[in-house]
Amino acid sequence: MGGSNDHIWWKHGVIYQIYPRSFYDTNGDGVGDIPGITAKLDYLSWLGVDAVWLSPVNTSPMLDFGYDIADYRGIDPIFGSNEDFDVLIREAHVRGIKIVMDLVINHTSHLHPWFIESRSSRGNPKRDWYIWRDGRKGGPPNNWRAVFGGRSWEWDGATEQYYHHSFLKEQPDLNWRNPELREAVFGEVRYWLDRGVDGFRLDAVVWFVKDERFRDNPPGWGPNAPRPYDLQNHVYDQNRPEVHGVLREFRTVLDEYDGRMAVGETYTESPGDPVQSARYLGDGTDELHLAFDFSLIFSKYGAARFRECLSNWYAAVPDEGWSCLVMGNHDQPRMASRWCRGRDGMMKAKALAALLLAARGTPFLYYGDEIGMMNGRIGRRQMRDPLGLKYWPFHPGRDRERTPMQWSDGPHAGFSPAEPWLPVTDNYREVNVEAQIKDPDSLLNFYRALISLRKERPALRSGSLKLHGSDPEVLSFSREEGGERIFVAINFSGAAYYLPLPESVEGRIVFSTEPSPLISSAGKCLDLPPYGAAIFS
Ligand code: GLC
Ligand code: CA
């Protein structure tokens, strides 16, 4: 499958995240499914994506919509069967598309048989596969809190101890210090590798290992304070040094197979912490292949801020490692809603696409961002996300960035013949795939053209990157690989901009936004329209 550069698909390719519940429904129950993903592979292949990462599709009571797994080897019936998944892998591979699964192994569902055994008695052989502690002075073992609200300790009356959960109480944390547990999880990982899965996105990596002594977190003031979780500094329940040992072991399992990849949800709170995220790449060869830096997601729109994000991120990634770039996911408000509101929205979105696809690092696209999907408007009564249900109205929940894919202007945006599990966003009549395929100036066709340019130009795919200048409005950089040199300029302001071209830039424009930027007759000044971008080769 694929060409000779197959083993580095995750460096050179474009990876597309699908939230399966919301991609495409084939059996009319209002929920997206695996046959729905298979049915849309031709679309993904037309767009030019090289791999898809699926949010979890394993058996789950869905209290956190699949991020609470009750059987790692099963596919949840709402999404289809294991056979459907095999078909997806096969059909994807035929088209040269890799399949990346979400691996949720910080915790399981409370309904996972391991947890049912673990909680059955203090002497159970799987007791230590989860984190059980005695209370302290009639209360929980320490002051740790759960991301989704309340204490991270749940009292279990049957065996009179507390168990730890970083998220919901129905998501008990696994004990990664236990060697048997590690082997058991790696067994589940091998099961999918043997079935042909090309990689994993590791959920919640920073939470994997907790302080050995369970010390209290010191007080803090996080970005979402006064949410109680943010009133402490998470030094003892996140980013513990021992997690790197776990990841090195995990890497040796992956390396038993050819060309497999792991990308980590190396989450850091706003404004992001690239140095912390990059630690999970180890020396660049021995832990994760890729790690997400959240700085761009949390950034304000603008050349100066984007330049700072890129330069910090590239500086943090080890020399032998590789960077990836991400602007949205299923936990964050839509990029179009964060950055591209108003009349110039589509132009602003094109400038972002140029950054994502022309800068150095594997681009990750979140489904629907290629057509500029916006946050849905989800009323309190339509809300499904446990985070929103707990923190409303302080946190609006994550449903708004998980609304059904807008395929057409037909009923339910062509997502399903039935009422979808979350309401379709109202703008689907204008913003949809069908309309944008037909429109040569659409955001979708812009993404497609850029993806295709990346494939043709090694310098864009894998070349070095040098940031130029310090213009507050224009981001410019050059890429180089072998003999090929590329210069990229992106105007992140609403005003036209005359950019003096660096001496070294010769060549011609191979890609640009409309209307085309002009090079002044003197030859050395580029006239960039508002939110315009130009790529020289
Ligand atoms: C990660 C996921 C998020 C999930 C949480 C718990 O942050 O991206 O969607 O709720 O982990 O698994
Ligand atoms: Ca369905």
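Indexing begins at 1, ligand by ligand and atom by atom, following the structure's order. Here the structure is a predicted model, which is why all the values come from computation and not from measurement.
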With sequence neighbours left out, write down each residue that passes salt bridge (charged side-chain N to carboxylate O under 4.0 Å, His left out) with Glu249, or none if nothing qualifies. Arg182
What is the closest protein heavy atom to atom 7 (O) of ligand 1, and at what distance does it sit? Glu265 OE2, 2.8 Å
Side chains of Ser152 and His165: do they bring a donor and an acceptor to under 3.5 Å? no
Using a 4.0 Å cut-off to any heavy atom of Arg398, which atoms of ligand 1 qualify? 3 (C), 4 (C), 9 (O), 10 (O)
Looking at atom 4 (C) of ligand 1, what's its closest protein heavy atom, distance included? Asp64 OD2, 3.3 Å
Tell me which protein heavy atom sits closest to atom 12 (O) of ligand 1, plus the residue, atom name and distance to 0.1 Å. Asp203 OD2, 2.8 Å
Checking Trp132, Tyr163, Tyr162 against Trp155 for ring pair (Phe, Tyr, Trp, His ring centres under 6.0 Å), the one that qualifies is Tyr162
Describe, in one word, how the ring planes of Phe65 and Trp421 are oriented to each other, choosing from parallel (under 30°), tilted (30 to 60°) and perpendicular (over 60°). tilted
Taking NZ, NE, NH1 and NH2 as the nitrogens, is one of them in Asp203 or Arg201 under 4.0 Å from a carboxylate oxygen of the other? yes
Tally every protein N/O/S atom whose distance to the Ca ion (ligand 2) is less than 3.0 Å; waters are neither shown nor counted. 5
Counting from 1 in the order shown, the ligand 1 atoms closer than 4.0 Å to a non-hydrogen atom of Phe148 are 10 (O)
His330: numbered ligand 1 atoms lying under 4.0 Å from its heavy atoms: 2 (C), 3 (C), 8 (O), 9 (O)
So, Thr403 and Thr425: side-chain donor and acceptor under 3.5 Å apart, yes or no? yes
Distance-only polar pair, side chains of Gln406 and Arg429, donor-acceptor under 3.5 Å: no
Can you sort out which atoms of ligand 1 are near His107, meaning under 4.0 Å from one of its heavy atoms? 6 (C), 12 (O)
Within ligand 1, which atoms have a heavy atom of Arg402 less than 4.0 Å away? 9 (O)
Salt-bridge criterion met for Glu154 and Lys169 (N-O under 4.0 Å): no
Output field: ring centroids Trp313/Phe292 closer than 6.0 Å: no
For the residue pair Tyr191 / Arg195, report whether a side-chain donor-acceptor contact shorter than 3.5 Å exists. yes
Tell me the nearest of Val147, Asp331, Asp385, Leu63 to atom 3 (C) of ligand 1, using heavy-atom distances. Asp331
Say whether Trp10 and Thr362, considering side chains only, have a donor N or O and an acceptor N or O under 3.5 Å apart. no
Side chain, backbone, both or neither: the part of His165 lying under 4.0 Å from ligand 1 by heavy atom: neither
Starting from atom 5 (C) of ligand 1, find the nearest protein heavy-atom neighbour and note its residue, name and distance. Phe167 CE2, 3.8 Å
Output, in order, the C-alpha distance, side-chain angles, deciding distance and verdict of salt bridge (charged side-chain N to carboxylate O under 4.0 Å, His left out) for Asp64 and Arg398. CA-CA 11 Å; Asp64 190 18; Arg398 299 168 295 179; 3.2 Å; yes
For ligand 1, indicate whether the residue Trp207 contacts it via side chain, backbone, both or neither (heavy-atom separation under 4.0 Å). neither
